[in-house]
Amino acid sequence: MNLMGRQVQVRSYPQGPVRREHFEVVDVPIDPVGPGEVLVRNTWTSVDPGLRLRLREAAPEGYFVAFPLHAAMDGIMTIGEVVESRAEGFKVGDVVWHALGWRDYAVVDASAVQLSGLGTLRTLDISIAEPQWYLGALGGMGLTAYAGLWVVGALKGGETVWVSAAAGAVGSLAVQIAKLHGNRVVASAGSEDKVRWLLDDLQVDAAFSYRSAEVRTGLKAAAPEGIDVYFDCVGGDHLEAALDGMRRGGRVAICGSISEYESEPAGPRNLFLAVAKDLTIRGFRGSSNLDLLDTMQTELGTALADGRLRQRETVFDGLTSAPDALIEVIAGRTTGKTLVHITDAR
Ligand SMILES: NC(=O)c1ccc[n+]([C@@H]2O[C@H](COP(=O)([O-])OP(=O)(O)OC[C@H]3O[C@@H](n4cnc5c(N)ncnc54)[C@H](OP(=O)(O)O)[C@@H]3O)[C@@H](O)[C@H]2O)c1
C-alpha cells in the first residue's frame, strides 16, 4: 500500500511577524515501516512559541535546530496512535508521544533520541488522563513549570512568586504549582480577561495586565513588599521590572523571552541589581530535567485528578490550522495550552 500523508513545511523564513504564507501543506508518500520503527497516526500536535526561534536559517546557539525549508518540521511534540509496529514494546493501538509533529502520519524510530530525550517514542497511560494532557500538564509544559520552580526557583513556601505570561501553557501551571506549595502568587498577562481567569479560576493572589499599566507599576501594586522568585516567560521589560522588585537572595528562573522572539532584544539594563541584591539568575530547559518527569507526572496527575490543578486548552481543528495556531499563540490570543487536534488525517 502506498500511504500518502500531509506535512506542514516551512516555505520561507519570516523577517518580522510569522504569517500563514511562511508555511505550506504538502502531500508526501509515507515511507515503509522498517525494523525498530512504528507508524503513528497523529491526533494532537503541539504549538509552542519556541517554534518561532527555529523559523530562521540558524536557531539560537545551543537551542533545538532550525527547521529546514521545504522539509518535514522535526522536533515538535505530538500524540498519536500506533497503526503499524515493527518495534519491540509497541503495538497497534498504543497511544504514544514522539516529536515528529505538524503532520498526520509519522514513521518513528523507537530508539531515536528526540528533543533531548523528552520526545523519544513513549507509550502513554490514557486510563488516567486525556491523551492531549501529555502535551500540557503531564508533558513538556508541566516539566518546564515544575523544574523551573523547584530546581531554579528553589521554592520554599511562604514566599512571593511572580509568573509572567501566566495565562499561557507553562505559566498557568507554574502559578498553580507555586500556589499549591504555599506561596503568595502574582501573575501577569496581556488582557483583562486573562487576569480575571487567573484571579477567579486559578486563585492567584494578585494579577495585572501589562497592557493596562507599565509592567513596573503593575508589579509594584501587586507585590508592594517585593518578590522572592520570578518565573520569566517574557524577558525584556518584564525581566527588568523583576530585577527592580526582587528581594535580597531572590531567584530568577529564565524560562523564555517571548518578547524578543519577533523583535530585537530589549534589556535588562539593570543587571547590577543581581549583584546588589545577591540574586541568582539562571536559564533552564524543561527537557534538561528528564529525571523529574516521573515525579512531576505523579504529582501533577494526582492534582489534576482531584481537581487541585486545572489544565486549560485552546484547540485549533485540523492539521492545516497549525500555522494559524502559532500566529495566535505568539500574538497572545490563546489561553492555556495551545494545541492542534488532527481530526482530518486520511
Ligand atoms: N525553557 C523551556 O524548556 C521552555 C519550554 C516551554 C516554553 N518555554 C518558554 O516559556 C514561555 C511560555 O511558553 P508557552 O508554551 O507556555 O506559551 P504561552 O504562554 O501559552 O504563549 C505565549 C504567551 O506569551 C505572551 N506574550 C507574547 N508576546 C508577549 C510580549 N511581548 N510581552 C509579554 N507577553 C507576551 C502571550 O500572552 P499574553 O496575553 O499574556 O501577552 C502568549 O499567549 C515562552 O517564552 C517559551 O519560549 C520554555
Side-chain angles (χ1 to χ4, degrees), residues 17-18 46-55 59-60 62-64 75-77 115-119 135-137 139-149 151-153 162-176 187-198 207-212 214-215 218-219 231-242 252-267 282-290 292-293 296 311-316 325-339:
V18 61
S46 190
V47 181
D48 311 273
L51 303 183
R52 179 66 184 82
L53 296 168
R54 302 165 66 189
L55 293 172
Y63 195 56
F64 299 123
I76 303 178
M77 289 303 293
L115 292 178
S116 311
L118 180 63
L135 294 178
M141 305 299 117
L143 186 60
T144 302
Y146 195 85
L149 286 171
V151 178
V152 185
W162 174 31
V163 178
S164 56
V170 175
S172 62
L173 297 171
V175 293
Q176 293 181 85
S188 61
S191 75
E192 292 302 331
D193 280 354
K194 291 184 180 182
V195 165
R196 272 277 51 93
W197 178 63
L198 289 158
F208 63 94
S209 164
Y210 67 88
R211 290 190 208 270
S212 302
E214 213 254 333
V215 190
L219 179 62
F231 190 100
D232 185 22
C233 291
V234 175
D237 57 348
H238 285 59
L239 180 52
E240 213 166 83
V252 179
I254 301 194
C255 175
S257 306
I258 193 167
S259 65
E260 302 172 357
Y261 294 177
E262 295 204 316
S263 50
E264 288 301 306
R282 199 189 127 181
F284 72 99
R285 305 269 292 270
S287 57
S288 303
N289 293 272
L290 275 185
L292 294 177
L293 184 64
M296 178 283 290
Q311 137 113 6
R312 181 165 168 181
E313 292 152 5
T314 300
V315 176
F316 289 77
L326 181 61
I327 293 164
E328 294 299 292
V329 78
I330 290 173
R333 290 188 287 264
T334 64
T335 304
K337 176 63 194 151
T338 302
L339 297 164

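Read the numbers this way: they start at 1 and go in the same order the structure lists the ligands and their atoms.
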Nearest non-hydrogen protein atom to atom 7 (C) of ligand 1, with distance, is Val170 CG2, 3.8 Å
Below 4.0 Å, non-hydrogen atoms only: which portion of Thr335 touches ligand 1? Side chain, backbone, both or neither. neither
Please confirm whether Tyr261 comes within less than 3.5 Å of ligand 1 when only nitrogen or oxygen atoms on both sides are compared. yes
At under 4.0 Å between heavy atoms, what of Thr144 touches ligand 1? The answer is side chain
Counting from 1, what ligand 1 atoms have a heavy atom of Arg285 closer than 4.0 Å? 1 (N), 3 (O)
For ligand 1, which atoms sit closer than 4.0 Å to a heavy atom of Ile330? 27 (C), 28 (N)
What atoms in ligand 1 come closer than 4.0 Å to a heavy atom of Gly190? 38 (P), 39 (O), 40 (O), 41 (O)
With a 4.5 Å cut-off on side-chain heavy atoms, are Val215 and Phe208 touching? yes
Under 4.0 Å from a heavy atom of Gly332: which atoms of ligand 1 are those, numbered in the order shown and with their elements? 36 (C), 37 (O), 39 (O), 42 (C), 43 (O)
Specify side chain, backbone, both or neither for Lys337, according to which of its non-hydrogen atoms lie closer than 4.0 Å to ligand 1. neither
Polar atom proximity, Val234 to ligand 1 (N or O, under 3.5 Å): no
Lys337 side-chain N/O to Val315 backbone N/O, donor-acceptor pair under 3.5 Å: no
Here the gap from Glu240 atom CD to Leu219 atom CG, rounded to the nearest 0.5 Å, amounts to 12.5 Å
Ligand 1 atoms nearer than 4.0 angstrom to some heavy atom of Tyr210 are 29 (C), 30 (C), 32 (N), 33 (C), 34 (N), 35 (C), 38 (P), 40 (O), 41 (O)
Identity and distance of the protein heavy atom lying nearest atom 22 (C) of ligand 1: Ile258 CD1, 3.5 Å
Is there a heavy atom of Cys255 sitting under 4.0 angstrom from any atom of ligand 1? yes
Here the atoms of ligand 1 under 4.0 Å from any heavy atom belonging to Pro49 are 13 (O), 14 (P), 15 (O), 17 (O), 21 (O), 22 (C)
Sub-4.5 Å side-chain heavy-atom contact between Leu292 and Val151: yes
Flag Phe284 as yes when one of its N or O atoms lies below 3.5 Å from any N or O atom of ligand 1, and as no otherwise. yes
Numbered atoms of ligand 1 (with element) below 4.0 Å of Lys194, judged on heavy atoms: 37 (O), 38 (P), 39 (O), 43 (O)
Which value, rounded to the nearest 0.5 Å, describes the distance between Leu173 atom CG and Met141 atom CE? 9.0 Å
Please determine if Met141 has a nitrogen or oxygen closer than 3.5 Å to a nitrogen or oxygen of ligand 1. no
Can you say whether the rings of Phe284 and Phe231 are parallel (under 30°), tilted (30 to 60°) or perpendicular (over 60°)? perpendicular
Can you tell me the protein heavy atom closest to atom 19 (O) of ligand 1 and the distance? Gly168 CA, 3.2 Å
I need the Ser172 OG to Trp197 CH2 distance, nearest 0.5 Å. 4.5 Å
Based purely on interatomic distance, does Gly256 place a nitrogen or oxygen under 3.5 Å from a nitrogen or oxygen of ligand 1? no
Looking at CG of Asp237 and CD of Glu214, how far apart are the two atoms once the value is rounded to the nearest 0.5 Å? 7.0 Å
Ligand 1 versus Ser257, non-hydrogen atoms closer than 4.0 Å: side chain, backbone, both, neither? backbone
Atoms of ligand 1 less than 4.0 Å from Gly336 heavy atoms? 20 (O)
Nearest non-hydrogen contact with atom 44 (C) of ligand 1 belongs to which option: Ala266, Ala187, Cys233, Gly286? Cys233
Report yes if the side chains of Val47 and Thr314 come closer than 4.5 Å at any heavy-atom pair, otherwise no. no
Do Leu55 and Leu326 come close enough that some side-chain heavy atom pair is under 4.5 Å? yes
Any donor-acceptor N/O pair, Ser164 side chain to Cys233 backbone, under 3.5 Å: yes
